[in-house]
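Structure first, then comments.
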Amino acid sequence: MYQFAVIGLGYVGLRTALALSGHKQFVIGYDVNKERLSELACNYDCNLDRSEAQLEGHTIQLTDDSNRLKDANFYIVDIGTPVNEFYVPDMSVLKIVCKTLGSVLKAKDVIVFESTVYPGATEEIFIPLLEQVSQLKCGVDFFVGYSPERIVPGDEAHDIVNTPKIIAGQDAATLKIIEKAYALFVDSKLVSVSCIKAAEAAKVLENIQRDVNIALMNEYTTVMDRLNVSMSEVLMAAGTKWNFLPFRPGLVGGHCISVDPYYLIYKARGLHVDTDLINSARKVNENFTQFISNKLVSTLMTQYPKVSNLNVTILGLSYKKNVSDTRNSLSFHLVSQLTEKGFNVTCCDPLALIKEHSIDFQRLDWESLPKQQAFVIAVDHDDFKEIGIDGICEKLLPYGMILDIPGLFYQSRLPRNDITYWSV
Ligand SMILES: NC(=O)c1ccc[n+]([C@@H]2O[C@H](COP(=O)([O-])OP(=O)(O)OC[C@H]3O[C@@H](n4cnc5c(N)ncnc54)[C@H](O)[C@@H]3O)[C@@H](O)[C@H]2O)c1
C-alpha cells in the first residue's frame with residue numbers, strides 16, 4: 001500500500017496532490033506556508049492555476065507539521081529551484097527538505113524528486129544529505145528516484161494525468177516500485193529511463209531546446225527589423241516548409257525556460273565543458289527587452305521631439321499568456337528600461353499576481369487607464385485580444401504607437417492612420 005506525501009504545494013505540488021486525491025490515493029500535502037494551507041483548505045488557489053471547482057472535494061491532508069510525514073511511505077518532492085543573483089542554482093530549500101525528510105524516514109520508504117535540477121544533483125547532493133540526517137543507507141533502507149514535471153500552466157490540454165511522465169530509479173528494483181506508484185495516478189504513458197541522471201538531463205534539455213530556438217528567432221528579428229522586413233511574414237513563409245519548426249520570437253521569462261539553462265551551464269562549467277550556444281541563447285533572450293525599448297524610442301522620436309515624460313503602458317506583466325505567474329517576467333525589465341529612458345510607465349494586467357517587487361511602477365486596470373502615447377503589448381492574454389486593436393487605439397493619443405511583441409494584432413486593420421504599429 002502506497003501512502004503518499006507531496007512536499008511543497010506550489011504549482012506542481014498542488015496538481016500532483018490533486019491527481020493523487022482524484023485517483024483516491026491517501027495523500028498528505030506538506031507545505032511550510034500556513035496561509036497557502038488555509039487557502040487550499042477553503043478550495044482557493046492563490047496562484048489561480050486550479051479553480052475552486054477543481055479543488056472541491058479533494059482529500060489532501062494538508063499540514064505544515066513534518067511529524068505527520070511519518071504516516072507516509074512514498075514522498076514526492078515538488079520544491080522550487082530558482083537561481084540566485086549570480087545565476088547560480090539555488091537548491092537551498094531542497095536541501096532543507098532533504099533534512100526534514102531525513103528526520104522522518106523509515107525502512108523501505110521511497111522518495112521521488114520532481115524539482116528541476118542539473119544532472120547529478122539527486123545523487124551528489126540529496127541522497128548524501130538524506131543519509132546523513134536519517135543515518136539510514138540509500139538503496140538498502142530507503143530508495144530514491146526522479147521524475148521531472150512537465151505541466152504548463154495556462155495549458156489545460158496537457159496535465160499531469162495525460163502527459164507522458166519520465167521516471168527513473170536508483171536501480172531497477174526501485175524503478176519498478178516507482179512505476180507501480182505513478183501508475184496509480186498518472187493515466188498516460190510512463191517513460192522509464194535507466195538512471196536518475198538521464199531523467200534530470202531530459203527535463204533540462206526540454207527547456208534549453210525552447211530557449212535556444214526562441215533566441216534564434218529573437219536574434220533573427222533584430223536583423224529583419226534593420227532590413228525593414230516583417231518577421232511575422234518571414235515566419236509565415238518559412239513555416240510552409242515541412243520541417244520548419246514553429247518557434248516564434250518573444251520574451252522568455254518564468255521559472256523554467258529562463259532558469260533551467262543556468263543549471264546545466266553551472267554543471268558543465270564544473271566539468272570544464274563549454275556551453276557557448278546555451279550561454280549565448282540566454283544572453284540574446286535576456287537582452288531582447290533592450291531591443292524592444294530602443295525600438296520604442298527610435299519610433300516615437302520620429303513623431304515627438306523628445307521621449308521624456310511620454311506615457312507608455314505595458315500590457316502584460318505575467319511571464320506568459322493567460323497565467324498569473326510573474327516570476328522572472330521580462331515585463332519588469334521593460335518597466336525599468338523605459339523608466340530609465342524617461343517614460344512615465346504604467347502597467348496593465350488583469351491576471352498578474354505580484355507578491356513583492358523591487359521596482360516601483362504604477363498599475364492600473366484598463367478602464368481607469370488614461371490616454372497614452374504608446375502601448376507595448378508584452379503578453380498575449382486573451383483579455384487584450386478581447387479589448388481588440390480598436391479598443392487599444394481608442395486609448396492612444398494622436399500619433400501614438402503600438403509595439404506588439406507577440407504579434408497579437410499583426411493582421412488587424414488599424415482604425416486610424418496616424419498610429420504607428422510594429423510587431424515582430
Ligand atoms: N510551475 C511550473 O509550471 C513547473 C513546470 C515544470 C516543472 N517545474 C519545476 O517544479 C518545481 C516546483 O515548481 P513550482 O512552480 O511548483 O514551485 P512553487 O514555488 O510554486 O512551489 C514550491 C512550494 O514549496 C513550498 N515550500 C517552500 N519551502 C518548503 C519546505 N521547507 N517544506 C515544504 N514546502 C516548502 C512553498 O511554500 C511553495 O508552496 C521546480 O523545480 C520547477 O522548476 C515547475
Side-chain angles (χ1 to χ4, degrees), residues 1-10 12-13 16 26-32 63-84 88-149 166-182 192-204 263-264 266-267 270-271:
M1 263 298 270
Y2 293 104
Q3 296 187 299
F4 293 93
V6 175
I7 318 297
L9 295 172
V12 171
T16 308
F26 171 95
V27 53
I28 294 170
Y30 172 75
D31 200 296
V32 289
T63 185
D64 63 345
D65 176 3
S66 58
N67 277 314
R68 290 282 317 281
L69 293 173
K70 291 177 181 160
D71 294 338
N73 56 21
F74 196 106
Y75 307 91
I76 299 177
V77 180
D78 290 321
I79 293 294
T81 43
V83 286
N84 68 16
V88 170
D90 176 1
M91 297 187 287
S92 51
V93 182
L94 260 180
K95 289 180 191 167
I96 294 172
V97 163
C98 287
K99 289 181 188 163
T100 306
L101 288 176
S103 67
V104 297
L105 276 186
K106 339 172 267 304
K108 296 205 173 131
D109 281 355
V110 178
I111 303 159
V112 177
F113 290 91
E114 292 199 330
S115 301
T116 308
V117 290
Y118 56 73
T122 302
E123 284 152 318
E124 291 158 17
I125 299 176
F126 310 145
I127 291 180
L129 255 178
L130 289 165
E131 287 187 324
Q132 187 193 329
V133 178
S134 67
Q135 293 294 304
L136 297 172
K137 187 91 195 103
C138 182
V140 178
D141 303 313
F142 70 94
F143 306 92
V144 170
Y146 183 82
S147 177
E149 187 41 61
I166 298 173
I167 49 170
Q170 63 179 115
D171 51 38
T174 308
L175 180 59
K176 274 215 166 108
I177 298 171
I178 294 171
E179 197 171 4
K180 267 193 189 159
Y182 272 74
S192 301
V193 294
S194 68
C195 64
I196 289 176
K197 244 185 230 171
E200 291 167 325
K203 170 67 194 180
V204 179
Y263 273 69
L264 201 276
Y266 173 84
K267 182 67 186 174
L271 297 167

Could you list the donor-acceptor pairs under 3.5 angstrom formed between side-chain atoms of residues 128-137 and any protein atom two or more places apart in sequence or on another chain?
residue: E131; atom: OE2; partner: K137; partner atom: NZ; Å: 3.3
residue: E131; atom: OE2; partner: C138; partner atom: N; Å: 2.8
residue: S134; atom: OG; partner: L130; partner atom: O; Å: 2.7
residue: S134; atom: OG; partner: L136; partner atom: N; Å: 3.0
residue: Q135; atom: NE2; partner: Q132; partner atom: O; Å: 2.9

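More than 12 heavy atoms of other residues, nucleotides or ligands shown are found within 6.0 angstrom of CZ on F26.
Looking at V104 and T100, their side chains never come closer than 4.5 Å, going by heavy atoms from C-beta outward. A heavy-atom distance below 4.5 Å is not found between the side chains of I167 and V193. Taking the side chain as every heavy atom from C-beta outward, T116 and V204 approach each other to under 4.5 Å. Using a 4.5 Å heavy-atom threshold, the side chains of K197 and Y118 count as separate. Between I166 and K203, the closest side-chain pair of non-hydrogen atoms is not below 4.5 Å.
In this structure, the side chain of Y182 does not engage the main chain of I177 through any donor-acceptor pair within 3.5 Å. Using modelled atom types, no side-chain atom of Y2 and backbone atom of A72 make a donor-acceptor pair closer than 3.5 Å. Formation of a donor-acceptor pair under 3.5 Å by the D90 side chain with backbone atoms of N84 is not found in this model. Using a distance-only test at 3.5 Å, with no hydrogens or angles considered, a donor-acceptor pair links the side chain of S115 to the main chain of I79. No side-chain donor-acceptor contact under 3.5 Å links E114 to the backbone of P148. For K106 (side chain) and D71 (main-chain N/O), no donor-acceptor pair under 3.5 Å exists by modelled atom type.
From L101, atom CG reaches atom OH of Y30 across 8.5 Å, with rounding to the nearest 0.5 Å. Rounded to the nearest 0.5 angstrom, L69 CG and Q3 CD are separated by 12.5 Å. Separation of atoms OG (S147) and CD1 (I178) is listed at 8.0 Å; rounding is to 0.5 Å. Here the straight-line distance linking atom OH of Y75 with atom CZ of F113 works out to 12.0 Å at 0.5 Å rounding. From L175, atom CG reaches atom CZ of F143 across 13.5 Å, with rounding to the nearest 0.5 Å. For the atom pair CD1 of I7 and CD1 of I76, the computed distance is 9.0 Å after rounding to the nearest 0.5 Å.
Here the options are D109, T174, V110, I196, the test is side-chain contact (heavy atoms from CB on, under 4.5 Å), and the partner is V144; only I196 passes. For the side-chain contact (heavy atoms from CB on, under 4.5 Å) with V77, the lone residue among V112, L94, T16 that qualifies is L94.
Annotation: side chain to side chain donor-acceptor pair (under 3.5 Å) contacts of D64 (sequence neighbours excluded): K34.
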Check step by step if side-chain contact (heavy atoms from CB on, under 4.5 Å) holds for N73 and K108.
-> CA-CA 7 Å; N73 56 21; K108 296 205 173 131; over 6 Å; no
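Of all the heavy atoms in Y263 and V83, the pair that sits closest is CE1-CG1, 3.8 Å.
Donor-acceptor pairing under 3.5 Å is lacking for the side chains of T63 and D65.
The residues K267 and E124 are annotated as salt-bridged, a charged nitrogen and a carboxylate oxygen being separated by less than 4.0 angstrom.
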